Amino acid sequence: MKFIDEYRDREAALRYARLIAKITTRPWTIMEVCGGQTHAIVRFGIDELLPPGVTLVHGPGCPVCVTPVELIDKAIAIASMPGVIFCSFGDMLRVPGTQGDLFSVKARGGDVRIVYSPLDAVQLAARNPDREVVFFAVGFETTAPANALAVLQAHRMGLKNFSMLVAHVLVPPAMEAILQSPNNRVQGFLAAGHVCTVMGYREYEPIAKKYRVPIVVTGFEPLDLLQGLYMCIRQLEEGRYEVENQYTRSVRRQGNEAAQQHIREVFEIVPRKWRGIGELPQSGLGLRAPYQAYDAERKFGVVAHTAEEASECIAGEVLQGAKKPTECPVFGTRCTPEHPLGAPMVSSEGACAAYYRYRRFTEKQTATP
Amino acid sequence: MSDGNGFTPVCPLPIQEYPHVLLAHGGGGRLMHQLIDAIASTFASAELARRHDGAALRIGDMRLAFTTDAFVVQPLFFPGGDIGKLAVCGTVNDLAMCGARPLYLSVSFILEEGLSMETLGRVVASMQAAAHEAGVEIVTGDTKVVDRGKGDGIFISTAGIGVIEHDRPVGPEAVRPGDAVLLSGDIGRHGIAIMAVREGLAFETEITSDCAPLAAPVLKLLEAGVEVHCLRDLTRGGLAAALVEIAQTASLHIQLDEAAIPVRPEVQSACELLGIDPLYVANEGRFVAFVPEAEAERALSILQAEPVSADARVIGHVTADGPAGLVTLRTAIGTTRVLDLLSGEQLPRIC
């Protein structure tokens, strides 16, 4: 299939694997930031093709995983209210808060719906003037432009019954937090192609320089990942630390300026708590003052509760690349997709879920007890 | 715990429990199997414990296959089929997968107050056409009407009986190391067709369901004397769930070759767009057959001579040396991964 098959070509993949092996003279640890990349790496067994010294660790780029439990609780509280139609992307429905998940709200009679675009939620609000329609605005810079457009559209249509529960997070602050950690072992990054399609990669340049770390903007297909790894390892071997763009078919340095303009118009940068990581300053998006009528937290006045903690879960360390899922003592035993202790076991983009699905039979024996 | 840089490396999540039935309990994944196990173990039947598509029963000298199914699809009419055709094909296929010749069906309609007679008429006519095509007769039935809002237009429940005209055991227990795994055609069309109409997704090409009766190719295999070890139609949970169930029940290792599994480009595109895996998408007109390696070519040519399985091919093998109870897939780029049951239904990814 055009634009898919050519990026999954076996011979080309093996050629890149050989190239990587040829230039690698010592061990390197590289983090792929995005959960979609983690999923592809594990699904296609990319790491099987790498020389033994090259270690891939998984980053915090799964929007489902990093949405704080307090916001899931707020989502559940709002979705349980009579007269509310609560809309979300599919992945979020399974994430447990302290009192169950959104699927359970649906099972108890709540009107919880999966949508494929925030604009669908706006249309739903227009068709149901006697109901309150709430959209769970989750994601990184990738989903922010469409969510901003939904607010602008609702504003233009004069809708009073549409609002958003905003949980947007930003990638660069998370990368910096990882690099500042004394436990950091990341020597190079594969940056998330989708995020850079929107934002470009200018904001990564000072990070690469400040922390002397190569960053390669990378796509999601096997050949993208292998080429991205090759470019990253080549920089490491040559002692360079630059931002390079592997994903040229989608990403430009300046990104999509129209999309950035929509984000800037509707959202402002705010501190945001990350599930399993904690609060990072200037790491999220919140609605600007002119659009606060669309803020579901204000509209419904839901209060955050302090969440119980599953102390066995090492999701924070997994999300920082400090540990692999299989190094967790409860991986695949007390923590499974049916009974998750941490969000990375819930989402299809979560590192723990990816390992559980594709690797638990082959890697369990290597897990640290 | 904090490392002094704002990171708190713990994940504040409680243990998940499900006090209510969720939609995910019907998605063909691990939750559905847990639900079925809980119900089936209460009934304590050796036939149920075989975990096959229907029961194979001996009554006097005669061997009969007996099965039942319920249909709750929305919308009632979709590209390539409707709830009536689905109800007949689903039950016929369950009988065929027991290695039986489907003969008679029952039908129960649960109708919601307010349903138009025209809609009911179209569904019934479609059932009759499907029954005619499959060579079965609908011989008994029932109707119930529920209050408006308590149904979804029409729910249909069917049961079927067929005759097993051979002495061969057909089921996971008969699978042997060295068996070839044959797939009758491309996968994922039914699930994507339903999703496209249900969610209002517009794709450039209309994707039609593969909904079809499968008795004809199965009977041809059996009549030709092919040593068929196991048959399974691919429904909820798709190809992956069907093969994982068989590998686990047979306690054998199934090795698949991803490149050999046919997926139409339009289905592959839709799956890529939605972030879902075609191996787990529902089908209603596809099956897998396990036959000894030496019989694979002959079986393949028989299947390819039937329109419904014209695109049949060998997609993998059963091995004695691999990990028992596992299905592994050789990926397009030559690496290996495990196929496992999903928790519930596949959900489209956020980005």
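Small disclaimer: the values here were computed from a predicted structure and weren't measured. The chains referred to below are lettered A, B, ... by the order of the sequence lines, with proteins before strands, and numbering in each begins at 1.
- Listed by chain and number, the residues in a side chain to side chain donor-acceptor pair (under 3.5 Å) with A:D120 amount to none (sequence neighbours excluded).
- Note on B:E245 versus B:R232: salt bridge recorded, some NZ/NE/NH1/NH2 to OD/OE distance being below 4.0 Å.
- For the 3.5 Å distance criterion, the side chains of B:T328 and B:H253 qualify, holding a donor opposite an acceptor.
- With sequence neighbours left out, the ring-ring contact (aromatic ring centres under 6.0 Å, His included) criterion links B:F78 to B:H190.
- Proximity to chain A involves both the backbone and the side chain of B:T335, based on heavy atoms less than 4.5 angstrom apart.
- Heavy atoms of A:K106 lying under 4.5 Å from chain B belong exclusively to its side chain.
- Within the 4.5 angstrom heavy-atom criterion, only side-chain atoms of A:R108, from C-beta onward, approach chain B.
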